[in-house]
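The basis for the numbers below is simple: all heavy atoms, side chains too, and nothing from hydrogens, waters or symmetry mates.
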Amino acid sequence: MKSRWDDHYAQSLNNDPLALRVYTSRLLGQEPDLVLHGGGNTSVKATVANFFGEPEEVLYVKGSGWDLATIEAPGFAPVRLSVLQKLAALEQLTDSQMVTQQRAAMLDPHAPNPSVEAILHAIIPFKFVDHTHADGVVTLTNTPQGAALVRQIYGDRVLLIPYVMPGFILARKIWELTQGIDWSQYEGMILLNHGIFSFADDARTAYETMIKLVSEAEDYLTAQGAVTFALGDTPPATESDLESDLLTLARVRRQVSVVKGAAMVAQWDQRPEAVGFAQLPQVASIATRGPITPDHVIRTKLIPVVIEPDNPTAAIDTYAQAYGEYFQRHSDGQLTMLDPAPRWAVWPDRGTIAFDRSLKAAQIITDIIEHTRRTIQMGEALGGWTALGERDLFEMEYWELEQAKLGKGGAGAEFQGKVVLVTGAASGIGKACAEYFHSQGAAVLGVDLNAETPTILNKTGLVGLVGDVTDEGAIRGAIAATVRHFGGLDIVVSNAGIFPPGQTLEHLDADVWERSLAINLVSQRALLRYAIPFLKQGLDPAIVFVASRNVLAPGPGAAAYSVAKAGLTQLARVAALELAGDGVRVNVVHPDCVYDTGIWTTEVLEGRAQKYGLTVEEYKARNLLKQPVTSLEVARMVATLAGSVFAKTTGAQVPIDGGSDRVI
């Protein structure tokens, strides 16, 4: 590990302690092997003027909810140093009381809650304090001989602290152990099974000491030949094999969602390291010993589920039962059990899977899994990977501060965790549908002929794919890509199609008409054919066809256009009847007078109005309501048809029995 310190940039901060604190915190946070997604914390002690202009000693400490990789000055909570030091001297203090007292001691009531390790930072008598969960250090301490290895590498240069629950108990323990010691003799402090601290009176020394200490651990691991990770590739698959794997993934995601009681996204990691780990003969043993640091248990739970290839859902049910037993073993009867669904899985020979309510949250778990895989293998190479005992991990998972959060998050957006495929998604109604579902929590893949589709739909959980819905292979690929990205398929919005150009019956080209109608119906049939197996594994699955109005007055294109749309509507009716027994709802929306789709230029509108003998305003208001309709309004209607209003569910969004044969 190398120092990223930039002397020129640091000098530009003019020795401002908080600015330097932000700078080195970001340097630490940008090293994934040191800090992952909000883990770790940093602080700086400074003298500031309070509201009355009086000088006060404060501890600027990382605030809750901020990530060191991107933290800014407002992310540090200013807490009166004297109060924190007094709290450390108390014999007893609950963590809830600690949080209250820390907040009461803040100079800025609008700042985030201080880190739960603020008291510990306060009692370390140095200006700058850095704390990380470095993989290299945690690997050493998660072995049977962890303490001996730390002594072998660092000698007496670091304080060695046995594992203690983070929060007040840890701060109090270190306060007791360090009374009367000379802190200057130590370069840092290592907490077994937890992480490492470095400290100094200047930002650069504290930061580079962290880099040095962690590098020594990494050098030792390299010298022992431990930095070697299994690599593998999924076996070459036919289209049939790939579809089988994707259906297994959809079943797993569905069952996890059922156990969770809410829709979950599943992110399948097929990178060589993930597959290599999943192909290890002993993977079921080493993967289920616990997390690499107790902080991860909040996101990953105690252990992953190991998927059984022959019966993937059975393993999830067994996991849920075992989780309930684990809770009963350790609960004092006053705790509320969390949902028993796993947050990650080992899929033998296929890789690993992360589960959460959004793709962003699942990606965080995927990153944690990546570091967990590596740390486990390094620990095994040192003589045996171990983790904290079950009781210690339970106390972290059911920490009173975490329990206090239960019920405060709300139900979330209606489509949170749902997976949606939208065709014709690069503009107009399709784009509005894709963006609206995404805004309501869904993970969305949009497919369109437009070559710019990947750029148009490019957000976390909103993916654009170029494809022609009249190409059966493209349709199949789009559905596979949706499941591959998000773990399943719950909602299909069929918005794209091909229709004959406007012609009167007298001059209608029969070949063009018949070919267009055939292509449209065949493409819609292909969409259904490949989507249905996955929709049957979906959560409150639904299909919504975006058709169009019935033409109200004769004119160019009336016959061809309305017949094409009538065919689509009849296809939807048949699909509704056939799929109702599988719980797949099928509906149709017929938007009319939607002119914000990007194709209705002033010139086009004038030309169309002239053909009908109308003014532009009369043409734009020729539906029954005499009002134009926006793409967003259509998208909201589509979402309503696919949502809870028409689903036979109460509470959480989970799979249901039964269906609907209605067409609206």
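- Considering CG of Leu249 and CZ of Arg254, their distance stands at 14.0 Å, rounded to 0.5 Å.
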**Asked** Going through the checks in order, is the salt bridge (charged side-chain N to carboxylate O under 4.0 Å, His left out) test met by Arg476 and Glu472?
**Response** CA-CA 6 Å; Arg476 190 173 190 175; Glu472 188 167 326; over 6 Å; no

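- The residues Arg373 and Asp269 are annotated as salt-bridged, a charged nitrogen and a carboxylate oxygen being separated by less than 4.0 angstrom.
- For the pair Leu421/Val493, no side-chain contact is recorded, criterion being any heavy-atom separation below 4.5 Å from C-beta on.
- Between Val22 and Ala73, the closest heavy-atom pair is CG2-N, 3.7 Å.
- Rounded to the nearest 0.5 Å, atoms CD (Glu370) and CZ (Phe229) are 9.5 Å apart.
- When side chains are defined from C-beta on, Val469 does not count as touching Leu527, because their heavy atoms never get closer than 4.5 Å.
- The shortest non-hydrogen separation linking Gly446 to Thr453 is O-CG2, 3.8 Å.
- Under the 30°/60° scheme for interplanar angles, the aromatic rings of His133 and His296 are found to stand perpendicular.
- Shown here for Asp582 and Lys536, the closest heavy-atom pair between the two residues is OD2-CE, 3.1 Å.
- Glu243 has its side chain within reach of Phe534: a pair of non-hydrogen atoms, C-beta onward, lies under 4.5 Å apart.
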**Message:** The test is side chain to side chain contact (heavy atoms under 4.5 Å, CB included); show your working for Ile71 and Asp67 and say whether it passes.
**Reply:** CA-CA 6 Å; Ile71 197 166; Asp67 192 319; over 6 Å; no

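- Across Ala77 and Pro112, no two heavy atoms sit closer than the pair CB-O, 3.3 Å.
- Checked against salt bridge (Lys or Arg N to Asp or Glu O under 4.0 Å), Asp339 has the following partners two or more places apart in sequence or in another chain: Lys260, Arg343.
- For the side chain to side chain contact (heavy atoms under 4.5 Å, CB included) test, residues two or more places apart in sequence or in another chain that qualify with Pro348 are Val306, Ile307.
- Counting heavy atoms from C-beta on, the side chains of Trp344 and Lys301 never come closer than 4.5 Å.
- Asp356 places no side-chain N or O within 3.5 Å of a backbone atom of Ala362 that could act as its donor or acceptor partner.
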**Message:** Could you walk me through whether Arg484 and Gln270 satisfy the side chain to side chain donor-acceptor pair (under 3.5 Å) test, starting with their C-alpha distance in whole Å, then the side-chain angles of each, then the deciding distance to 0.1 Å, before giving a yes or no?
**Reply:** CA-CA 10 Å; Arg484 177 66 188 80; Gln270 287 181 286; 2.6 Å; yes

**Item:** Verdict with supporting geometry, Thr482 and Val419, side chain to side chain contact (heavy atoms under 4.5 Å, CB included)
**Value:** CA-CA 8 Å; Thr482 304; Val419 179; 3.5 Å; yes

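- The pair Arg350-Asp245 meets the salt-bridge criterion, since a charged nitrogen lies less than 4.0 angstrom from a carboxylate oxygen.
- The neighbour count for Arg636 CZ, taken as heavy atoms of other residues, nucleotides or ligands under 6.0 Å away, does not exceed 12.
- The line from CZ of Arg26 to CD of Glu31 is 15.0 Å long, rounded to the nearest 0.5 Å.
- A donor-acceptor contact shorter than 3.5 Å is absent between the side chain of Ser244 and the backbone of Ser240.
- A donor-acceptor pair is defined here as one N or O able to donate and one able to accept, closer than 3.5 Å; no such pair exists between the side chain of Arg585 and the backbone of Ala580.
- Residues Ser427 and Asp448 approach most closely at N-OD2, 4.5 Å, considering heavy atoms.
- Looking at Val466 and Asn450, their side chains never come closer than 4.5 Å, going by heavy atoms from C-beta outward.
- In this structure, the separation between CG on Asp349 and CD on Gln279 is 5.0 Å, given to the nearest 0.5 Å.
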**Worked verdict on Ile303 versus Tyr319 for side chain to side chain contact (heavy atoms under 4.5 Å, CB included)** = CA-CA 9 Å; Ile303 59 174; Tyr319 180 100; 4.0 Å; yes

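- At distances below 3.5 Å, not a single donor-acceptor pair connects side-chain atoms of Glu578 with backbone N or O atoms of Ala575.
- Side chains of Met637 and Val544 form no contact here, defined as non-hydrogen atoms less than 4.5 Å apart.
- For Asp490 and Lys418, the salt-bridge test fails: no basic side-chain N is under 4.0 Å from an acidic carboxylate O.
- Looking only at side-chain heavy atoms (C-beta outward), Tyr323 and Leu338 come within less than 4.5 Å of each other.
- Applying the 6.0 Å contact sphere to CD of Glu239 captures no more than 12 heavy atoms from other residues, nucleotides or ligands.
- With respect to Leu528, the side chain to side chain contact (heavy atoms under 4.5 Å, CB included) criterion is satisfied by exactly one of Val586, Ile543, Val492: Ile543.
- Nearest approach of Phe415 to Ala639, heavy atoms of both residues: CZ-O, 3.3 Å.
- Taking CG from Leu489 and CG from Leu247, the interatomic distance works out to 11.0 Å, rounded to the nearest 0.5 Å.
- Here Glu435 does not pair with Lys459 in a salt bridge; the nearest charged N to carboxylate O distance is not below 4.0 Å.
- When atom types are taken as modelled, the side chain of Thr423 and the backbone of Asn495 share a donor-acceptor pair closer than 3.5 angstrom.
- A 4.5 Å side-chain heavy-atom check between Gln416 and Ser358 finds at least one atom pair inside the cut-off.
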**Request:** Please assess Phe486 against Val463 for the test side chain to side chain contact (heavy atoms under 4.5 Å, CB included), listing each intermediate value before the final yes or no.
**Result:** CA-CA 10 Å; Phe486 308 127; Val463 176; 3.9 Å; yes

